Amino acid sequence: MRFKGTTILFILFVILGGYVYFTEYRGKEERQKQEESKKKAFQVEQKDISEISLIYPDRTISAVKKGEKQWEITSPAGVQADSDEWESLASNIPQIDRNDTVAQNAQDLTSFGLKDPPAKVSARTKDGKTLEILFGSENPKKTYNYAKLGGSNDVFLTGSNWSKTFTKTVSDVRNKKLLEFETDDIDGVKIAENTKELEAQKSGENWQLKKPVDTKADSSEISSFVSSIRFGRAQSFPDSPVDAKTAGLDAPALKVTLHDGKAKTDRVLLIGKSPEKDKYYARDASRDAIFIMDKEIPEKARRPLFDWRDKTIVKLDRDKVEKIEIQRGSENVSLLKSGSDWKLADGKKVQFDKVSGMFNTLDFEKAKEIIDMPKALAMYGLDKPKLEISFREGSNDPKRVQFGSDSKTPEGIYLKSSDTPAVKVVSKDVFDKFNVKAEDIAEAPPPPSSPPPTPPADKPKS
């Protein structure tokens with residue numbers, strides 16, 4: 001009986017606890033939501049807004065929603081929308097706050113700046129409801145704007161930021177993207193200027209130049225260029241209509257073609273004349289609108305071939321290198337990998353930071369110049385190199401790097417690696433990292449241990 005009574009008390013406790021939770025805590029949350037909801041000008045969700053009109057004394061800008069997040073400008077006609085910007089406007093409408101009412105059924109709205117309001121927002125929902133708010137002048141303290149809803153003359157205060165948020169020009173809400181694509185979908189780049197052409201193709205995560213020379217590209221440079229177009233935006237649009245011929249776009253001086261592998265189509269950016277310093281007329285070949293862009297992308301596109309190509313000294317996988325040999329004339333220094341350490345041929349341990357510094361130099365130092373069709377190697381001091389380094393990765397043939405004579409323009413030293421017929425000019429710092437003797441890189445032997453102190457002799461007994 002005692003167990004049965006305890007069980008009943010426990011059940012009553014759980015019921016009471018649930019009642020307290022739902023009435024106090026959950027009820028409190030619901031009450032807070034209701035109170036916050038009362039402070040909003042509109043009871044609407046962003047997803048339900050299907051049309052927006054921004055109405056000003058001198059213009060009206062309107063758009064309708066097409067699809068999940070796509071918008072189309074209906075006024076003025078013939079202007080492509082920036083869907084992200086219209087989505088942002090739609091998301092802000094439910095957030096407009098309604099604070100203290102300062103006048104009920106005001107007969108004269110002039111003093112509130114609401115007779116001829118500087119900004120008016122009208123929206124329609126999917127179920128046909130119309131939402132309308134008029135923003136007037138600021139209150140004397142300039143902390144709020146006067147506002148009222150359409151169909152009502154009750155004047156209330158709302159945050160002064162809302163009037164600014166919904167004050168837009170056509171340029172603000174039109175499509176300013178240079179080209180429409182996703183960065184990861186681009187697998188080809190072509191840049192054509194007059195008779196010059198540069199072409200690159202993507203293979204996996206890396207880029208390969210195809211024109212004007214077939215060689216490895218600097219993948220980070222190509223990717224950065226593609227991203228700059230993806231996120232680039234038009235700075236402005238011509239004040240008065242400009243035709244393609246006047247803008248230099250009928251036969252553009254510069255043409256950038258990005259191949260969209262996913263869509264299996266080309267995205268083409270045409271760049272024409274300069275209307276003013278550091279500005280260019282341009283357009284997406286798939287759209288009629290001519291816009292004005294800044295100089296960043298044209299300048300990047302016009303960089304010399306050297307900037308686009310891979311400037312790595314030699315490709316190595318440092319984790320797979322098991323042996324390094326440094327040959328200076330008849331002198332040879334061999335470094336052998338032993339676990340995570342390196343040792344000389346005589347078994348002496350090598351300073352780890354010295355070997356790490358060698359690999360870091362090859363990873364991060366870049367060629368200053370690349371000579372694709374070198375003349376006789378003797379011209380570069382490479383017929384009898386003053387230093388030769390070989391790197392062995394397992395059973396593969398070793399990769400070799402040879403240092404020749406000094407280069408004056410650009411300043412540095414000539415170098416040739418076994419993985420390419422090209423001759424490169426690199427910083428002398430690269431040479432210095434490898435121009436070492438065994439004693440330069442061996443770890444210093446530990447100091448000899450001190451002998452234990454000699455105990456004092458026993459005193460003779462008297």
Side-chain angles (χ1 to χ4, degrees), residues 206 208-209 213-220 306 309-338 341-345 350-442:
N206 298 314
Q208 180 81 9
L209 285 173
V213 62
D214 192 343
T215 187
K216 291 179 181 177
D218 186 328
S219 295
S220 63
F306 180 77
R309 64 185 305 171
D310 182 18
K311 295 172 278 293
T312 303
I313 296 173
V314 63
K315 289 282 187 182
L316 290 176
D317 185 340
R318 67 164 71 191
D319 293 330
K320 293 181 180 179
V321 176
E322 298 175 350
K323 184 178 181 180
I324 302 174
E325 285 191 283
I326 303 172
Q327 190 75 40
R328 185 191 302 101
S330 60
E331 183 183 352
N332 180 279
V333 179
S334 292
L335 289 74
L336 302 170
K337 194 170 187 179
S338 176
D341 297 323
W342 287 85
K343 293 184 177 180
L344 295 167
V350 176
Q351 298 175 52
F352 181 80
D353 62 325
K354 296 288 187 182
V355 181
S356 180
M358 293 177 183
F359 284 120
N360 288 341
T361 297
L362 296 179
D363 283 343
F364 299 112
E365 286 281 349
K366 301 297 180 183
K368 293 184 172 184
E369 184 182 19
I370 300 175
I371 305 165
D372 287 304
M373 300 180 68
K375 299 176 182 179
L377 293 179
M379 292 187 63
Y380 313 102
L382 290 165
D383 56 330
K384 296 177 181 178
K386 55 186 173 185
L387 195 66
E388 181 173 322
I389 321 298
S390 68
F391 303 87
R392 185 175 292 278
E393 300 177 359
S395 59
N396 297 327
D397 290 337
K399 294 182 179 179
R400 302 183 187 278
V401 174
Q402 298 173 321
F403 292 91
S405 55
D406 291 351
S407 166
K408 293 183 179 179
T409 309
E411 186 178 353
I413 186 168
Y414 290 112
L415 172 148
K416 188 179 185 310
S417 57
S418 58
D419 58 351
T420 175
V423 170
K424 303 169 184 177
V425 177
V426 300
S427 166
K428 288 186 179 180
D429 292 340
V430 180
F431 174 79
D432 293 339
K433 283 289 183 183
F434 291 95
N435 186 26
V436 294
K437 298 180 180 180
E439 56 265 30
D440 296 331
I441 57 177

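From a predicted model like this one, the values you see are computed outputs, not experimental measurements.
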Engineer: Using side-chain contact (heavy atoms from CB on, under 4.5 Å) as the criterion, list what pairs up with Ala217, not counting sequence neighbours.
Structural biologist: Trp207, Leu209, Ile222
Engineer: Kindly give the heavy-atom pair with the smallest separation between Leu344 and Ala442, and that separation in Å.
Structural biologist: CD1-CB, 3.7 Å
Engineer: Are any non-hydrogen side-chain atoms of Thr215 and Asp310 less than 4.5 angstrom apart?
Structural biologist: no
Engineer: How many angstroms lie between CG in Leu316 and CG in Asp363, if you round to the nearest 0.5 Å?
Structural biologist: 8.0 Å
Engineer: Taking C-beta and beyond as the side chain, do Ile370 and Arg309 meet within less than 4.5 Å on heavy atoms?
Structural biologist: yes
Engineer: Identify each donor-acceptor pair in which a side-chain atom of residues 431-438 lies under 3.5 Å from a protein atom, sequence neighbours left out, and give them as a table.
Structural biologist:
| from | atom 1 | to | atom 2 | distance (Å) |
| --- | --- | --- | --- | --- |
| Asn435 | OD1 | Arg328 | NE | 3.0 |
| Asn435 | OD1 | Arg328 | NH2 | 3.1 |

Engineer: Can you list every side-chain hydrogen bond (donor to acceptor under 3.5 Å, both in side chains) pair that touches residues 422-431, not counting sequence neighbours?
Structural biologist: Asp406-Lys428
Engineer: Measure the spacing between OG of Ser405 and CG of Leu382 and express it to the nearest 0.5 Å.
Structural biologist: 7.0 Å
Engineer: Roughly how far, to the nearest 0.5 Å, is the NZ atom of Lys216 from the OG1 atom of Thr312?
Structural biologist: 7.5 Å
Engineer: To the nearest 0.5 Å, how far apart are CG in Asp341 and CG in Leu336?
Structural biologist: 12.5 Å
Engineer: A quick test of your reading: do over 12 heavy atoms of other residues, nucleotides or ligands sit less than 6.0 Å from NZ of Lys343?
Structural biologist: no
Engineer: Identify, with sequence neighbours excluded, every residue that meets side-chain contact (heavy atoms from CB on, under 4.5 Å) alongside Asp317.
Structural biologist: Asp319, Lys320, Glu393
Engineer: Of all heavy-atom pairs between Thr361 and Ile313, which one has the smallest distance, and what is that distance?
Structural biologist: O-CD1, 4.3 Å
Engineer: Using every non-hydrogen atom in the two residues, find where Lys386 and Gly404 come nearest and quote the distance to one decimal.
Structural biologist: CE-O, 2.9 Å
Engineer: With heavy-atom distances below 4.5 Å as the criterion, would you say the side chains of Phe391 and Pro398 are in contact?
Structural biologist: no
Engineer: Lys416 and Leu377: which non-hydrogen atoms are nearest, and at how many Å?
Structural biologist: CD-CD2, 4.2 Å
Engineer: Less than 4.0 angstrom from a charged side-chain N to a carboxylate O is my criterion; do Arg400 and Asp419 meet it?
Structural biologist: no
Engineer: Are Lys311 and Phe306 in a cation-pi contact, defined as NZ or CZ under 6.0 Å from the six-membered ring centre and within 45° of the axis?
Structural biologist: yes
Engineer: Against Ile324, only a single residue in Ile389, Val350, Val333 fulfils side-chain contact (heavy atoms from CB on, under 4.5 Å); can you say which?
Structural biologist: Ile389
Engineer: For atom CD of Glu411, is the number of surrounding heavy atoms from other residues, nucleotides or ligands below 6.0 Å larger than 12?
Structural biologist: no
Engineer: Do Ile441 and Leu335 have side-chain heavy atoms sitting under 4.5 Å apart?
Structural biologist: yes
Engineer: Can you tell if the side chain of Lys399 reaches within under 4.5 Å of the side chain of Ser417, non-hydrogen atoms only?
Structural biologist: no
Engineer: Other residues, nucleotides and ligands only: do more than 12 of their heavy atoms fall within 6.0 Å of NZ on Lys366?
Structural biologist: yes
Engineer: Residues two or more places apart in sequence or in another chain: which of them pass side-chain contact (heavy atoms from CB on, under 4.5 Å) with Gln327?
Structural biologist: Asn332, Glu388
Engineer: Should Ile413 and Val425 count as side-chain neighbours, where that means a heavy-atom distance under 4.5 Å?
Structural biologist: no
Engineer: Within a strict 4.5 Å, meaning less than it, do heavy atoms of the Pro385 and Phe403 side chains meet?
Structural biologist: no
Engineer: Flag the pair Leu415 / Val423 as yes when at least one side-chain heavy-atom distance between them is below 4.5 Å, and no otherwise.
Structural biologist: no
Engineer: Return all side-chain donor-acceptor pairs below 3.5 angstrom for residues 352-359, not counting sequence neighbours, or 'none' if the list is empty.
Structural biologist:
none

Engineer: Is there a donor-acceptor contact under 3.5 Å from the side chain of Tyr380 to the main chain of Lys375?
Structural biologist: yes
